[in-house]
K.L.:
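Below: one structure in structure tokens.
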Amino acid sequence: MSAIALQMPDGKEATFPEGVTGAEVAASIGQRLARDAVAVRLGERVLDLARPLPEGGPLRVLTLADPEGLEVYRHTATHIMAQAVRRIWPETRLAIGPVIEDGFYYDMEPPVRLTEEDLPRIEAEMKKIVAEDLPVSREVWPRAQARAFFAERGEVYKVEIIDDLPADAELTVYRQGEFVDLCRGPHLPSTGRLKAFKLLSVAGAYWRGDEKRPMLQRLYGTAFAEQTQLDHFLWVREEARKRDHRKLGPELDLFTLHDVAPGFAFWHDKGFRLYRALEDFSRELQRKRGYQEVATPVLFRSDLYEESGHWGFFRPNMFTFQQDGEWYGMKPMNCPAHCIMFREQMRSYRDLPLRLAEYGQLTRYERSGTLHGLLRVRGMHQDDAHCFVREDQIGAEIADCIGLLDELYGTFGMGYTINLATRPQEYMGTLETWGRAESALADTLRDLGKDFAIHPGDGAFYGPKLEFDITDALGRKWQCGTVQVDWNLPERFDLKYIGADGAEHRPVMIHRAIMGTLERFIGILIEHFAGAFPTWLAPEQARVLPVSDKAQAYGRQVAADLRARGLRVDLDKSAEKIGKKIRDAQMAKVPYMLVVGEREEQAGTVAVRSRASGDLGAEPVAAFADALAAEVAERRLQPR
RNA sequence: GCUGGAGUAGCUCAGUCGGCAGAGCGACGCACUCGUAAUGCGUAGGUCGCGGGUUCGAUUCCCGCCUCCAGCUCCA
């Protein structure tokens, strides 16, 4: 009998008789591992525990601590959910049931329309299936047998999946009790292994994402190894609901949205203070790095877009119209205008990098169903810039952009991950320039020692991009920053500079945005901070609260003194009692409340109350002003 | 854009099985002149999303459109 050799994660090699299963290997290592194992990974493949190992190689026993182990666990949860639905509505047809980032779903076609009220009933049935502890078995079927089996049961979606599988694909079905499903696997050894799970929602979803095909019902759920993890997940969801910027924004008097301008925000005074604080911050960082700030038109004749390629590649996302027989378009990006400005004069290699920054209005047509508060809008302002560089400056310029990005994100206490988005299906330019652009980005990241993932086909039509996903306080990821290398627009606009050799050369353009869209970034910040902004960002940094009308005059004086120091300070002029004024300020999440009455007026002080830690006692007005100014200058994340 | 749900006061919502529309909060006014999370009283505020149809009469029933919400898709 021959043997197979396995390399374990600790580097040791072990030999087992042919036909050994993952479960047996786990048992040979230890009792505890045998109990916790959910699957094994042999080389790149994840296999069921009960499956005889087909060959030797590096082997890892997977538990729920491994991401792949959790995937297996959730995949089985999907099957248990489908089995439960099938038990309640036996005619239900099944489509696909994959694992997603936070859980799983199954697209299915039950004979009834499901609502959230049906979820507890399905969950109850799932609990029964878990209690039955049904063994899950894997079977390899010939294609004809599988096709006939599912066709006979009217499983039209499964049949379509089978027909689309490549001819040489091995077809497997998994069986648990009476439930049989076409599935690549792998799965848990039995249904009793599932512990903490919950069904979350039901929504419509088109078969294969195609709106011309039938609308199926998608059941979402999630599962975790431990109840505490599930509880935490549910807490985050609930917290996200409470922090919804569409609710907090108007409540905090930051902005409103109106039906008369779908996808555009109305910025109120308070919100615009925050907006300007962000824009000023960006300006400050960019000025240090040699950026110039410009402002270009919002509306162009179509000639410009013909030249830039937008008319051909981006028009479905633009607002366009005809006037006096000519076509016009609202600008969706600043790059064409910046190219025009670059071309206005003869440029020397000594002028490069030339960095043009702009915060102006951009307008893009986004389909009505995609609009979402400030997170997806039609009217937007970006912290946008285009850096025109020589080829030998590309790496350094990208590194400089990432330095800027580190500084900005760091100020908000947010980390990020990087994706490299490569050439899309519809693209401009040649494969050669795309190759150079993609490697310029990848090489720079490697030089900087930054990890990144590749997102094939996600690039812009004119060039590949780095996408920076920030992580907020609830662990959610948001794509904000982007850095793109572009050889195409300089070509189309015939941009040139005179090199040291006296000859004309083509510059390379780097498109970059750090916060991305300000509207969107503010939406993210509202949810990240739950509306309780750091003092430097807070629309109202302090509010003066006179104990009674007798202290109004002194309060007015204090507010004026603080405003004269450039601080954002308002006065509560209402006729309410001090308790109510404090409550109002606290609910408005103002960092500092300055209570003033006779005592303070006599002493020239303010009684400081912090949003975070309550009463801090009395301080001279000047001392408070110094402390507040210092906190703002340092952009501290928390008030005292 | 597609599927489903929704649109009544600034906000949260009730209501009319077709007969001149209601509450709480908020806003405003008055009184109280108050010491660290809600003082009391009063007032104003609605073409019941928009357009058409049915009807003696439509916020209510029917049709179309717009917007929002949950998804699909797309993306900053």
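Below, read A as the first sequence line, B as the second, and so on, with proteins coming before strands; counting in each chain starts at 1.
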K.L.:
May I ask you to evaluate whether A/Arg583 reaches the phosphate of B/U36, defined as a side-chain N or O under 4.0 Å from OP1 or OP2?
P.N.:
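No, because none of the side-chain N or O atoms of A/Arg583 sits under 4.0 Å from OP1 or OP2 of B/U36.
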K.L.:
Base, sugar-phosphate, or nothing: which does A/Glu598 touch, judged by heavy atoms less than 4.0 Å apart?
P.N.:
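Base, at least one base atom sits under 4.0 Å.
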K.L.:
If we ignore hydrogens and angles and just use 3.5 Å, is the side chain of A/Thr92 paired with the main-chain N or O of A/Trp89 as donor and acceptor?
P.N.:
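Indeed, once roles are kept as given, a pair shorter than 3.5 Å links the two residues.
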K.L.:
For A/Arg208 and B/U73, is the shortest distance between a side-chain N/O and OP1 or OP2 below 4.0 Å?
P.N.:
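For B/U73, OP1/OP2 do not have a side-chain N/O of A/Arg208 under 4.0 Å.
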K.L.:
Expressed in whole Å, how much space separates the C1' atoms belonging to B/G22 and B/G45?
P.N.:
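Here B/G22 and B/G45 have their C1' atoms 13 Å from each other.
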K.L.:
Determine, using ring centers only, whether A/Tyr409 and A/Phe468 are less than 6.0 Å apart.
P.N.:
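Ring centroids of A/Phe468 and A/Tyr409 are no less than 6.0 Å from each other.
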K.L.:
With A/Arg355, which residues qualify under salt bridge (Lys or Arg N to Asp or Glu O under 4.0 Å), at least two apart?
P.N.:
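A/Arg355 satisfies salt bridge (Lys or Arg N to Asp or Glu O under 4.0 Å) with A/Glu397 once adjacent residues are dropped.
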K.L.:
For A/Arg246, check salt bridge (Lys or Arg N to Asp or Glu O under 4.0 Å) against everything at least two apart and list the hits.
P.N.:
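By the salt bridge (Lys or Arg N to Asp or Glu O under 4.0 Å) rule, A/Arg246 matches A/Asp244.
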K.L.:
Measure from CZ on A/Arg599 to C1' on B/C34 and round the result to the nearest Å.
P.N.:
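Result: 12 Å.
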K.L.:
A cation-pi test, strictly: NZ or CZ of A/Arg218 under 6.0 Å from the centre of the six-membered ring of A/Tyr105 and no more than 45 degrees from its axis. Yes or no?
P.N.:
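Yes - A/Arg218 lies over the ring of A/Tyr105, closer than 6.0 Å to its centre and within 45° of its axis.
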K.L.:
Work out how far the C1' atom of B/U59 is from that of B/U8, and round it to whole angstrom.
P.N.:
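After rounding to an integer number of Å, I get 7 Å for this pair.
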K.L.:
Suppose you measure atom P in B/U47 against the same atom in B/U60; what distance do you get, rounded to whole Å?
P.N.:
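Approximately 16 Å lies between the P atom of B/U47 and that of B/U60.
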K.L.:
Just the table, please: protein N/O against nucleotides 2-6 of chain B N/O, every pair under 3.5 Å.
P.N.:
residue : atom : partner  : partner atom : Å
B/C2    : O2'  : A/Tyr206 : OH           : 2.2
B/C2    : O2   : A/Tyr206 : OH           : 2.3
B/U3    : O4'  : A/Tyr206 : OH           : 3.3
B/G4    : O2'  : A/Arg113 : NH2          : 3.3

K.L.:
For nucleotides B/C74 and B/C11, find the distance between their C1' atoms and express it as a whole number of Å.
P.N.:
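Pairwise C1' distance, B/C74 against B/C11, rounds to 32 Å.
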K.L.:
Round to the nearest Å and state the distance from A/Arg241 atom CZ to B/A70 atom C1'.
P.N.:
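Interatomic distance, CZ of A/Arg241 to C1' of B/A70: 14 Å.
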K.L.:
Pull out every protein N or O sitting under 3.5 Å from an N or O of nucleotides 39-49 of chain B, one pair per line with the distance.
P.N.:
residue : atom : partner  : partner atom : Å
B/U39   : OP1  : A/Glu576 : OE1          : 3.3

K.L.:
Say you pick atom P in B/U73 and the same atom in B/G52; how far apart are they, in whole Å?
P.N.:
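Those two atoms are separated by 39 Å.
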K.L.:
Please state the C1' separation for the pair B/A76 and B/G4 - nearest whole angstrom.
P.N.:
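Straight-line distance between the two C1' atoms is 28 Å.
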K.L.:
Can you confirm whether or not the ring centre of A/Phe412 sits under 6.0 Å from the ring centre of A/His528?
P.N.:
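A/Phe412 vs A/His528: aromatic centres not under 6.0 Å.
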K.L.:
Looking at NZ of A/Lys270 and CD of A/Glu540, how far apart are the two atoms once the value is rounded to the nearest 0.5 Å?
P.N.:
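So the NZ of A/Lys270 and the CD of A/Glu540 are separated by 4.5 Å.
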K.L.:
Within the pair A/His372 and B/A70, is there a side-chain N or O less than 4.0 Å away from OP1 or OP2?
P.N.:
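So the side-chain polar atoms of A/His372 do come within 4.0 Å of the phosphate oxygens OP1 or OP2 of B/A70, strictly under.
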K.L.:
When the P atoms of B/A38 and B/C61 are compared, how many Å lie between them, rounded to an integer?
P.N.:
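Taking atom P in both B/C61 and B/A38, they lie 44 Å apart.
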K.L.:
Answer yes if the side chains of A/Glu293 and A/Tyr359 hold a donor-acceptor pair under 3.5 Å, and no otherwise.
P.N.:
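Not at all, the side chains of A/Glu293 and A/Tyr359 share no donor-acceptor pair under 3.5 Å.
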K.L.:
Going from OG on A/Ser574 to NZ on A/Lys581, what distance comes out if it is rounded to the nearest 0.5 angstrom?
P.N.:
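A/Ser574 OG to A/Lys581 NZ: 5.0 Å, rounded to 0.5 Å.
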K.L.:
Dot-bracket for RNA chain B, 5' to 3', with Watson-Crick and G-U pairs under 3.5 Å, [ ] for crossing pairs and | for other-strand pairs: what is it?
P.N.:
(((((((..((((.....[..)))).(((((.......))))).....(((((..]....))))))))))))....
K.L.:
Can you tell me how far P of B/C32 sits from NZ of A/Lys550, to the nearest Å?
P.N.:
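The distance from NZ of A/Lys550 to P of B/C32 comes to 12 Å, rounded to the nearest Å.
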K.L.:
Just checking, A/Arg364 and A/Phe314: is the charged tip under 6.0 Å from the six-membered ring centre and within 45° of the axis?
P.N.:
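So A/Arg364 doesn't make the cation-pi contact.
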K.L.:
What distance separates A/Tyr206 OH from A/Asp107 CG, expressed to the nearest 0.5 Å?
P.N.:
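So the gap between those two atoms works out to 12.5 Å.
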K.L.:
Expressed in whole Å, how much space separates the C1' atoms belonging to B/G26 and B/A9?
P.N.:
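Result for the C1' pair: 11 Å, nearest Å.
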K.L.:
Does the plane of the ring in A/Tyr275 sit parallel, tilted or perpendicular to the ring in A/His381? Use 30° and 60° as the thresholds.
P.N.:
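Aromatic pair A/Tyr275/A/His381 classed perpendicular.
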K.L.:
Which protein N or O atoms sit under 3.5 Å from an N or O of nucleotides 74-76 of chain B?
P.N.:
residue : atom : partner  : partner atom : Å
B/C75   : O2'  : A/Arg376 : NH1          : 3.4
B/C75   : O2'  : A/Arg376 : NH2          : 2.9
B/C75   : O2   : A/Arg376 : NH1          : 2.6
B/A76   : OP1  : A/Lys465 : NZ           : 2.2
B/A76   : OP2  : A/Lys465 : NZ           : 3.2
B/A76   : O3'  : A/Gln479 : O            : 3.3
B/A76   : O3'  : A/Gln479 : OE1          : 3.4
B/A76   : O3'  : A/Gln479 : NE2          : 2.8
B/A76   : O2'  : A/Gln479 : O            : 3.1
B/A76   : O2'  : A/Arg520 : NE           : 2.7
B/A76   : N7   : A/Arg376 : NH1          : 3.4
B/A76   : N6   : A/Glu366 : OE2          : 2.8
B/A76   : N6   : A/Val377 : O            : 2.9
B/A76   : N1   : A/Val377 : N            : 3.2
B/A76   : N1   : A/Val377 : O            : 3.4
B/A76   : N3   : A/Thr517 : OG1          : 3.1

K.L.:
Would you classify A/Tyr220 as touching base, sugar-phosphate or nothing, given that sugar-phosphate means primed atoms plus P, OP1 and OP2, and contacts are heavy atoms under 4.0 Å?
P.N.:
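Sugar-phosphate: the residue A/Tyr220, judged by heavy atoms under 4.0 Å, touches backbone atoms but no base.
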